[in-house]
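Order of the sequence lines fixes the chain letters, A, B, ..., with proteins taken first and strands second; residue numbering starts at 1 for each chain.
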There are 2 protein chains.
Amino acid sequence: MPNTAKPPAPGNASLEKGLALFNRIAQDHGQTPLKTLAADMGLPRSTLYRLTGALEQAGLIARLRHRHYTIGLPLAQALHGITPAGQLALLCRPALRQLARACGAAAHLGVMENDMVTYLVKENAATLPAGFSISRENTQLEAYCSGIGKVLLAWLPEAERARYLAGGPFVAMTERTITDPQRLRQTLESVQAQQFARDDGEIADDLYCLAVPLWAGGQPPTAAISLSFPRHAHQPQDDSSHLARLRACAAQLSAQIFP
Amino acid sequence: MPNTAKPPAPGNASLEKGLALFNRIAQDHGQTPLKTLAADMGLPRSTLYRLTGALEQAGLIARLRHRHYTIGLPLAQALHGITPAGQLALLCRPALRQLARACGAAAHLGVMENDMVTYLVKENAATLPAGFSISRENTQLEAYCSGIGKVLLAWLPEAERARYLAGGPFVAMTERTITDPQRLRQTLESVQAQQFARDDGEIADDLYCLAVPLWAGGQPPTAAISLSFPRHAHQPQDDSSHLARLRACAAQLSAQIFP
DNA sequence: ATGAATAGTCCCATATAGTGGGACTATGCC
DNA sequence: GGCATAGTCCCACTATATGGGACTATTCAT
């Protein structure tokens, strides 16, 4: 499902090369000497210098001393206040709003920060009781008992996950909360196997939730989206259709957001 | 001295157009419809769409809904932690270090923040007594009694300057500090006329300082650089050579930093 | 709902515009 | 001092971007 290798896109090789060069420079803030870049990108030096010249004129990069490039001041100014989390929320909100409406549920986008889940987007369907679900945007919740948290924990590198599991204690939010590290580990394994997570009243008594990861081109996911329903109204047979919609939304967002 | 209009730079019209487009989009975060951009840039729509496509693939921009573009997530991630002030300091430090050495002085770069001067760079010549001058990087000082502060106040829009002058009181740091708003206004006028500011022991008894603005292509300056000496060792006849060096440095930086 | 207006996509013959080899200078390093 | 690497410049060639126009998708007003 990852690797959304788009077609070659004809008609602007030059721009593409320039932008690829910019990305290389932006990645390590210009630590790599151009000679290396030339080798990596298979371009002659004269071309590279022409490209850097254009990037510099446009203010995207600036030179400091020999061999050292940086992000240009104009670009830094234009992007002041832009954060990865903010952009992620901006880009995902429309699709999540639509998803929430289509499923009559609450849709969330969350990422992991300091072993807690941070909710970046929350969109409630109009049909839900006002104020449904305890979450709020830009607030944090424990990871071990939320759908999004379980998804992100499930794909953590093993060392990280072990550290998290050892870090307890896991406080029970409801009588269904999983508090035993061993059982939590098993749950995470099945999350990875089934490619989705479920929270069946583990965080609040009347909350049922399904969550799936957002894939960033082959990398382990760092963001996940979820659908939440009032648990008392939940029909098990609805799960498959909700999961399908959730996955479709995740696939679309993954492709849209990560080039 | 502003308007460092560089030569046409032949050989990459395509890249230039693409980057110009990106800058337009980055400026207003994609609020402007492409039709308007097409008119502004004198390019046919089909070309613009090809360019946006390339920018999108490279991760610099992303689309959200129709007519709305944003900074792409990959770019936001790559530039996480980059701030205008940080880049400005990075770009200016080498030249300031050299300037400090050449003049046997302390060289500063400062900007205005909340009516105070924030020092972004401080470079002391090795020949100065260790710990010379009270300033430290990333700390603030009153604007009305420092060289850099006077320069930035002098070029403030009149409304802003009037507000600042009305905002007193101006506390005397030494017996030479200018504390009368009317006298301060006159001083600022002469700063603008002479294109440099002097602080003759107004902030500390043994501190003499010359400051000039950095020009960002015709805009009123938002940053300034200065040279500071121990006042007791100051020879009036040295001023002109120091000023010349200071101005040369400012011109070089202005050209280098602002495209 | 229906239609008009605008956004976005695709195609292709043409010549414009980028290419890269190489010769050259500047700069930094030993 | 001299060597190695960074950065600049030039130019004939052809790969490459161009833009007109036909077409579809989406949005908005009525």
Qualifying residues under side chain to side chain donor-acceptor pair (under 3.5 Å), relative to B/E113, sequence neighbours excluded: B/T118
Closer than 4.0 Å, any side-chain N/O of B/Y49 to the OP1 or OP2 of C/dT9? no
Scoring nucleotides 21-26 of chain C by protein non-hydrogen atoms under 4.0 Å (B base, S sugar-phosphate only, - none) yields BB----
B/E16 versus B/L19: any side-chain heavy-atom pair under 4.5 Å? no
Pairs touching residues 81-109 of chain A that satisfy salt bridge (Lys or Arg N to Asp or Glu O under 4.0 Å), sequence neighbours left out: A/R93-A/E123, A/R93-A/E137, A/R97-A/E123
Atom CG of A/L37 to atom P of C/dG20: distance rounded to whole Å? 15 Å
Taking ring-ring contact (aromatic ring centres under 6.0 Å, His included) as the cut-off, I'd like each qualifying pair that reaches into residues 68-110 of chain A, sequence neighbours left out, listed once. A/H108-A/Y119
Can you tell me how far C1' of C/dG8 sits from CG of B/L21, to the nearest Å? 14 Å
Spacing between B/L51 atom CG and C/dT9 atom C1', to the nearest angstrom: 15 Å
CG of B/L48 versus P of D/dG19: gap in Å, rounded? 10 Å
Using the test side chain to side chain donor-acceptor pair (under 3.5 Å), find all partners of B/R247 that sit at least two apart in sequence or belong to another chain. none
Whole-Å distance between C/dG8 P and B/I61 CD1? 11 Å
Reading DNA chain D from 5' onward, which residue's closest nucleotide shows up sooner: A/L15 or A/T52? A/T52
Contacts of B/A250 meeting side chain to side chain contact (heavy atoms under 4.5 Å, CB included) (sequence neighbours excluded), chain-then-number -> B/V212, B/L214, B/I225
Rounded distance in Å - CG (A/L34) to P (D/dA4): 20 Å
Do B/F22 and A/F22 have side-chain heavy atoms sitting under 4.5 Å apart? no
Suppose we screen for side chain to side chain donor-acceptor pair (under 3.5 Å). Which residues come up paired with A/T32, at least two apart in sequence or across chains? A/D28
Measure all distances between protein nitrogen or oxygen atoms and nitrogen or oxygen atoms of nucleotides 27-30 of chain C, and list the pairs falling under 3.5 Å.
| unit_1 | atom_1 | unit_2 | atom_2 | d |
| --- | --- | --- | --- | --- |
| C/dT27 | O3' | A/H66 | NE2 | 3.1 |

Got a sec, which residues hit side chain to side chain donor-acceptor pair (under 3.5 Å) with A/D40, two or more places apart in sequence or on another chain? A/R24
Pairwise N/O distances under 3.5 Å, protein to nucleotides 15-17 of chain C:
none

Which sits closer to the 5' end of DNA chain D, B/G42 or A/R63, going by the nucleotide each is nearest to? A/R63
With sequence neighbours left out, the residues meeting side chain to side chain contact (heavy atoms under 4.5 Å, CB included) with A/T47 are A/P44, A/R50, A/L51
Protein-nucleotide distance (A/Y69, atom OH; D/dA6, atom P), rounded to Å: 10 Å
d(CZ, A/R50; P, C/dG20) in whole Å: 8 Å
Among residues at least two apart in sequence or on other chains, which ones pass side chain to side chain contact (heavy atoms under 4.5 Å, CB included) with B/A95? B/C249, B/Q252, B/L253
